[in-house]
Amino acid sequence: MDTILVVNAGSSSVKFQIFSVEGEGKLRRQIKGQIDGIGSRPRLRASRADSEPLADRVYPIESVSDVPAAMRIAGEWLRNELRISPIAVGHRVVHGGPDYDRPVLINHGVVAQLERFITLAPLHQPHNLAPIRSLLANFPALPQVACFDTAFHRTHDAVADHYAIPHQLYAKGVRRYGFHGLSYEYVAQILPQVAPEVAKGRVIVAHLGSGASMCALRGGRSAESTMGFTALDGLPMGTRPGQLDPGVVLYLISEMGMSASDVQNFLYRDCGLKGLSGVSNDMRELETSEDPKAKLAIDYFVYRVCLNAGMLAAALQGVDAFVFTAGIGENSMRIRARIVDQLGWLGFTLDPTGNSRHARLISGSDSRIPVYVIPTDEELMIAQHTLSLLLERPSPSARHERVS
Ligand code: ADP
């Protein structure tokens with residue numbers, strides 16, 4: 001069985017999935033797993049796609065001290081215990097910089113290029129690149145593909161790609177990139193099956209998870225994003241503030257004496273739902289909390305989603321459909337109901353029964369704009385891109401090189 005390994009490596013965890021390649025290039029998810037607690041309490045957990053557990057084991061801290069070590073453990077487990085040797089590996093890479101507008105087959109030159117973007121995403125890019133480098137060193141014949149969170153947004157017009165700052169900074173890469181591109185690309189790919197007519201039109205997609213952003217799609221292509229230079233901008237998130245007056249950052253430095261790394265930690269880890277509520281970064285906990293600050297955090301989240309919906313509607317000059325996706329968007333009927341209610345002025349109405357059942361179409365029959373729930377699948381998107389690039393490669397025989 002030919003398989004593709006999909007890797008999503010972060011600072012303390014490596015998530016992976018195995019897809020089998022079926023007839024006519026179809027992909028079927030077989031295994032989901034992750035190693036988390038890297039450098040603290042390493043633990044491998046994996047299950048089959050139907051949730052049957054396959055592994056749950058802890059490792060001594062010194063044997064999984066970094067991301068490449070975690071990659072090695074996951075690879076050995078797949079090879080030695082499940083007899084799986086993937087024909088290719090697809091990686092989630094947060095930043096493709098200004099030039100990569102699609103996935104790319106990795107070689108040493110590409111890695112060098114992607115290393116240049118570490119300064120644009122210092123918390124994510126190095127961890128994304130670490131397993132790529134170690135696989136390149138240990139299995140040089142194994143095809144690897146980098147799939148970028150930024151690539152889908154490279155279709156933005158210049159006005160959506162710029163900040164009002166001197167051009168030298170734009171030339172250096174200080175641009176409005178937008179993120180969650182693999183999620184939006186997946187939704188844009190599925191939408192023609194769900195609603196063929198609106199898929200050709202103007203669609204706002206709300207990716208509401210621990211990271212959250214919204215994207216304006218015009219004819220299935222990204223026209224605008226609520227995120228910009230980094231994944232800090234736009235909507236409030238689990239621990240990130242979303243849109244913030246840069247004057248606040250100046251205040252933190254000049255009045256609070258914070259260093260650049262203090263500010264970085266603060267903005268990535270201590271703000272958002274967590275900072276505002278003082279209760280939790282998890283929407284489920286906020287929804288069950290009696291604390292008035294938890295209520296304020298939810299109110300703020302809903303308010304900012306609706307404000308940004310107005311902004312994206314202006315970018316698109318109208319809206320033909322609205323889509324919820326990701327952890328909160330797919331699972332919280334209360335948040336969805338509140339957002340649809342607050343967008344009533346745009347002609348949104350809710351079908352409460354469909355919403356409580358997490359139906360695909362949750363708008364009322366009298367809604368001027370259809371509202372959908374579409375579960376996202378970034379990993380499948382990565383597997384699809386990996387397979388396509390593998391099939392496009394000049395030497396077809398190379399498709400059968402395996403990890404030995
Ligand atoms: P990410 O992939 O960015 O880590 P997810 O898309 O998995 O995040 O979303 C995770 C978030 O989804 C959780 O932090 C939680 O707040 C929210 N979530 C998941 N299930 C529910 C639910 N049933 N009700 C409300 N929020 C939920």
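Sequential numbering from 1 along the given sequence is applied to the chain's residues. Start at 1 and go down the list; that is how both ligands and their atoms are numbered. Basis for what follows: all heavy atoms, side chains included, without hydrogens, waters or symmetry-related copies.
- Proximity of the aromatic rings of Phe152 and Tyr184 is defined here by a centroid distance below 6.0 angstrom, and this criterion is not met.
- Counting protein heavy atoms only, atom 5 (P) of ligand 1 is closest to Gly327 N, 3.7 Å.
- Arg45 pairs with exactly one of Asp56, Leu54, Val58 by the side chain to side chain contact (heavy atoms under 4.5 Å, CB included) rule, that one being Asp56.
- Listed by number with element, the atoms of ligand 1 under 4.0 angstrom from any heavy atom of Asp282 are 14 (O), 15 (C), 16 (O).
- Other residues, nucleotides and ligands contribute more than 12 heavy atoms inside 6.0 Å of the CD atom of Glu52.
- Considering Leu350, Thr349, Ile369 in turn, Leu350 is the only one that fulfils the side chain to side chain contact (heavy atoms under 4.5 Å, CB included) rule with Val340.
- Near Glu287, meaning under 4.0 Å from one of its heavy atoms, ligand 1 places the atoms 24 (N), 25 (C).
- The closest approach between any non-hydrogen atom of Gly211 and ligand 1 is below 4.0 Å.
- Annotation: Ser210 places an N or O atom under 3.5 Å from an N or O atom of ligand 1; distance criterion only.
- Of the protein's non-hydrogen atoms, Arg284 NH2, 3.8 Å is the one closest to atom 13 (C) of ligand 1.
- Protein heavy atom closest to atom 16 (O) of ligand 1, with residue, atom name and distance, is Met283 N, 2.7 Å.
- Of the protein's heavy atoms, none falls inside 4.0 Å of atom 2 (O) of ligand 1.
- The protein non-hydrogen atom at the shortest distance from atom 23 (N) of ligand 1 is Asn331 CB, 3.4 Å.
- Residues Asp377 and Arg29 are paired through a salt bridge, judged by an N-O separation under 4.0 Å between the basic side chain and the carboxylate.
- Salt bridge annotation for Asp36-Lys15: absent, with no cationic side-chain nitrogen under 4.0 angstrom from a carboxylate oxygen.
- In this structure, the side chain of Asp282 engages the main chain of Arg284 through a donor-acceptor pair within 3.5 Å.
- Looking at atom 17 (C) of ligand 1, its nearest protein heavy atom turns out to be Ile328 CG1, 3.4 Å.
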